[in-house]
Every structure is written in C-alpha cells, then in structure tokens.
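Letters A, B, ... mirror the listed sequences (proteins, then strands); counts begin at 1.
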Amino acid sequence: MTATPTPALEVRRLTVSYGAHPVLWDVDARFPASALSAIVGPNGAGKSTLLKAALGLVASDGGQTLIEGRPVRSARDRVAYVPQRDAIDWDFPITVREVVEMGRYAATGWLRRVGRSQAALVDACLERVGMTGYAARQIGELSGGQRQRVFIARALAQQAPVMLLDEPFAGVDARTEASILKLLHELRDEGSSMVVVHHDLTTVRSAFDWALLLNVRVVAAGPVGETLTPANVRRAYGAAAEPVDQAQASWAG
Amino acid sequence: MGWLIDLVPLDYSDAVVVLGAMLLGITAGAVGVLAVLRQRSLVGDALAHAALPGVCIAFIATGAKDATSLLAGAAIAGLVGALLMVGIERTGRIRPDAAIGVVLSSFFSLGIVLLTYIASTDNSNQAGLEKYLFGQAAGLLERDLAVMAGLAIVALTLVAIGFRALKTTLFDPAFAGAVGLPVRLLEIAMTALLVVAIVIGLRMVGAILMVAMLVAPAVAARQLAGRLALVIPLAAVIGAAVGVSGALLASRAEIPTGPVIVLVAVSVVIVCVLIAPRRGVLWRARRLARDRRRILAEGVLVDLETAIHAGPPLTAAELALASARPARALRRALRDLDRAGMLRRDGERLYLSQPGAAAAHAVLERRDLWAAWLEHGSRLGVPDAREPDPTDLRASLGDEYADRLHALARAAER
C-alpha cells in the first residue's frame, strides 16, 4: 500500500453511546488515501455509526474526525456521503436529475440556479452510473439497484476526493453490485479515496484494499490480507467464527 | 389593502372574505406540503389546537379583541406547544404520536376552560371569541387582512429562499447534515412556518379544523405533480381555490366557515386520489384490469397456436378443458381476440387468422427472450442501469441487446 502520509479519513478516540450503551468505544482509525477501504464487523458493531459520527450526524461523547488532515467542519467540501437508503421516503416528489443536482447545491450555493456547466456535470455523473436514460423519472419508479446508482451519482456530483458509503450493496442485485464495484475501482485508480461499510467478507477480501474490523472497539485494521485473518475475524464475530457468506443473490434480480 | 379589495368584483365585505380565504389557502397550502412530506401532519393539528389558549390569554391580558394581539397570543402558544412536543419526545420514553396527543388535548382543554371563563365575565367585548373554534369568515376586517397579508408574504418568501435547503432536508436529512446544512434549525423553521399558517387561518377556519387546510391541498397537489417545485405552488393554488369557495359558501349560508372549507377541500382530495393520472386509485385499477385482460388474451393465443401443432383445431369447449381456464375468462378472451381480428372460425372450430398467428409468435418470442435472459443475461454485458421488464424485454433492453441475446441462446442450443 502506497498510502500518502495524510490519511483520507482519520478518527481519533471516537466514543458514541445511545443511552447507556456504548456503540463505539475509543475508536482510532485511519483510512489511507487513494484506496478502497471497508469497515466490516457483525451486526451492531457500530459500522454505520462510525461514518455518521465522523460526519457529525450523530452526537459523539468524545473524539475527533479529520478529513485529509483537516477537521470535518472545515472540510465538508472534501467529503461526499452516500447514506443508507432505508430511511428515505421513496414516494417523495422528486426526479432522478433533481437528486443528483443536490450534490451540487453546497458548491453552487443554496440560492443560485443550476447553470449550464452544472447541468453538464450532472449529466456526466448520471452517465457514469449508467442512468442517462432515467433523468426525468420519479425516484420512486426505480428499482433498488437503480436508486443506489442515483445516490452514488449524487455523491459523484459533489466532486469530493473522499467518499463515504454506508451499506451501498444492501438490497442491490448482483449485476448492480458488480458495476458499482467496478466504478469504485475506477475512482480509486483516478485517485479518490473510498470508505465503505459492508458486511460481505468475501467481497471485501476480493475487491478491497484496506479493512477496518470493528466490533464496538477496533479489532484490527490494515491491508485486507493482513487484517481479515481467521483469528481476527473470530475475535470480531465471537465464537460463531466466520459467518457463512451469503449465497450470491441471483444477478437477474 | 383598499386597492386590492376594489379589484375583487364583489361587494366590500365579500371581497374582504375572499381575499382572506385566498391568503389563508395559499400559505396553508404551501407550508402544509412541508409538514405532509415530513409525515408531520398531526403536528399541524396539535399546533392549531394549542393556539386556542393563546388567543384567550391575549384577550384576558388586553381586554380587547384586537386581531394583532390575539394572533400574537396564538403564535406564542403554538410555539410553546411545539417546544413541548419536542421536549416530550426527547425524554426518549414517549413516542412522537403520544407527545402530539398530550399537547393537543391539554392545550385545547385549557383553551375551552378559558373561553368559558371569559364568557362568564361581563366584558362586553367577549362576544365572538368562540369563533376561533370553528372559524367565521364573515366580519373579517380590513385591518385583519393586512396582518394576514404581511405574515403570508414573510412565510412564502422564506419557503422560496430556503427551497433547496428545505427540499434536501425533507428528502434526505442524513445527506443534508453531511453537506453542512443546519438540519435541526431547518426543522424548527418548518414548524415555525406551520405556526404562521395556523395564525393566518385561525380566525377563518378555527382551531379544530385548521389541519385540513394544511393537509388537504398538499395531498391533492402531490397526486397531480411529481416535483416539489410544482407540488408547492399547486398546493397553494388548490388551497386558495378551496378557501375562497368555502368561505363564500359559508358566508352566504351563514354557517361557520371551517366545516364548509373542510368539506370542499375533502371533495377535491377525493377526486384527486381517485382519478389523478398514474397515481389515482381508479387510474391504476383500470390499468391493472387492462393488463390482466391482455395477458389472458395472450395466453389463449398461445394455447391455440400450440394446439394447432398438436392436432386438429379445437372448439371453444375443448380449449376450455385443455387450458384449465375459467369459462367466463375464456369467453372474454375469445371475444377480445375476435374483435382484434385474430381468430377465424370454421363452425365450432377455432383457427388463428394471419395476424393472430403473428401475434402468437410475438408472444412466444418474448417468452423465449425472457428464458434466454435468465440463462445468458450475465454474458450480455449490458453497460448501463437499464433493467429487463418481463412483459417486454425487447423494449426494455433495446433491439441491439435483444438480438445479441437471441444469438447467445441459439449458440447455446447448438
């Protein structure tokens, strides 16, 4: 791993609790730049919470987040975020194009019109995720995989060097998963850094560069080959050892 | 406001009522969309009920029925109610719906007690305060109108300025927070806008039924439009139309305005929910029935086509036995096929006509294509996000990929 000295995302001593329950306990983690990193761990390990707390979306009891070495508050334009899709109201009156335009609002200002150069950028992002023909559709008319592509297009429109993705492959057919993974690899080769919450160890082993194994505390972190050893996985997942890898969903969806 | 009133081609008092109802409809319609999309419609209901004790306390404090001070009282009470709801929710032990129920009922009870108390005093001004329960458009003053107009302009301007931020927060609060929007503040602002709309409507519609003016135009507009930038203005227009017609009807018939406006609004909603293109209940039911009928006819078509290869042409009775379809459905399908000119008859026996045979082959080709997609689709390498539609794979994949799929299937057969 030829990571530059400054990590893309770094959290220091991050602690988050819901009520009396610690969800993340004293987490120190560094995710290298220009790499495809995964956060893996069992259910309830705090994987999604780590991303949310890093972005300041949930209150943390203590800790600090750095994006490319700068505090997250002053680096919001350097990080794009693909949130989980389960809280979204898919009947919301909005078109695919409008969702992707949302990725430009912070950069263009919340009042200005979306100009021609912005529109071209939005088109390019839609093209990149293979959704060119769908710009005028209602978001609710799309399949789960297509919705995820739109959310990724919105993150691309943010044009940030660091991208955080929360369970992007959940509820997505295998064909979409493969093409999203391919896109993430392309982005990495172009120099972007990605941190992905994911639960499928097989995919992480075969397609990711770096992994953080998490279960409330950090169990292990580093290049995938050194991190996801049977011993470490057993430590993170408990006595159940490695979970049975889910059978690949039918790609035809 | 005088010139505006002169513009309305009605007598003075009706003109004031019409303008008031219009202001209310526009504001409540636009702001109501924000509440409905946040799934917070009942917060509007609770805030309207919570405003009542505010009106009473303002009257007790000032001893006069001055619209400005009464509405200020209503606004303050509404905001206190809103804060209480958030506070009760935050304790973490009580769910939002319960918090809404508690605030709504306790504030409204207090309001009724205060109304009764005021009625028992000998303040000669007190008559008419009970109109804040069910609303009374008649007797609206030009002065009240000016206050309402000012509030409406402020509320609509805020919605317009904050449109993108509001849209982002409503659709995806997590994303909004990640790009640095003050999500909490925006949610408070939306609640405050709700209070403004309620204050405008309180005198006209009354505390009990105000929620209908927030919800009904939003629901109707959502049925008709697919973008927030259209839903909000459309809700404002529907709100204005409902408000004006309801207020005029009520003042002619000398009944409280609230119930009349609500009945008008509900009729509009019912019509929209039933017949709106693409989303309407009847629209969807019709499409479903049409699809079923087509699929049935296609099935019969294929049965006839395969039967021809198996032996002599079938009679309708034999076809019913062979296809195991209900007799009624089969009769209907045959009638449809007859009408489309796809059948030929020779006495009792059924043949496919030239177009009928072509149509049957097309159906079979679609089935083959779907089978080929399931078996070979992964090797097709469709580059984008288009997804196969089982009813018409060729149209959903495009001719190029459909042809390639056929080639793959043929190659596999050899």
For a quick check under 3.5 Å, do [X] and [Y] share a side-chain donor-acceptor pair by atom type?
X: A:Q118; Y: A:T108; value: no
X: B:R38; Y: B:T169; value: no
X: A:E167; Y: A:S48; value: no

Salt-bridge criterion met for [X] and [Y] (N-O under 4.0 Å):
X: A:E101; Y: A:R154; value: no
X: B:E298; Y: B:R292; value: no
X: B:R95; Y: B:E89; value: no
X: A:D166; Y: A:R85; value: no
X: A:E10; Y: A:R12; value: yes

Largest heavy-atom contact set with chain A, pairs under 4.5 Å, which of [options]:
options: B:L230, B:L37, B:V33; result: B:L37
options: B:G177, B:A178, B:G180, B:A229; result: B:A178
options: B:G162, B:A176, B:A174; result: B:A174
options: B:L170, B:T168, B:V179; result: B:T168

Under 4.5 Å from any heavy atom of chain B - which part of [X]:
X: A:E127; answer: neither
X: A:I94; answer: both
X: A:V82; answer: neither
X: A:E141; answer: side chain
X: A:D91; answer: both
X: A:Q138; answer: side chain

Answer with side chain, backbone, both or neither: which region of [X] has an atom nearer than 4.5 Å to a non-hydrogen atom of chain A?
X: B:L181; result: side chain
X: B:R222; result: side chain
X: B:V231; result: side chain
X: B:V382; result: both
X: B:R279; result: side chain

* Asked: Which class fits the ring pair A:F151 and A:W90: parallel under 30°, tilted 30 to 60°, perpendicular over 60°?
  -> tilted
* Asked: Side chains of A:R175 and B:E387: closer than 4.5 Å at any heavy-atom pair?
  -> yes
* To do: State, yes or no, whether a side-chain contact exists between B:L194 and B:L214 at a heavy-atom distance under 4.5 Å.
  => yes
For chain B, which of [options] has the most heavy-atom pairs under 4.5 Å?
options: A:E98, A:Q84, A:M131; value: A:E98
options: A:Y105, A:Y134, A:Y81; value: A:Y105
options: A:G130, A:A80, A:S143, A:G56; value: A:G130

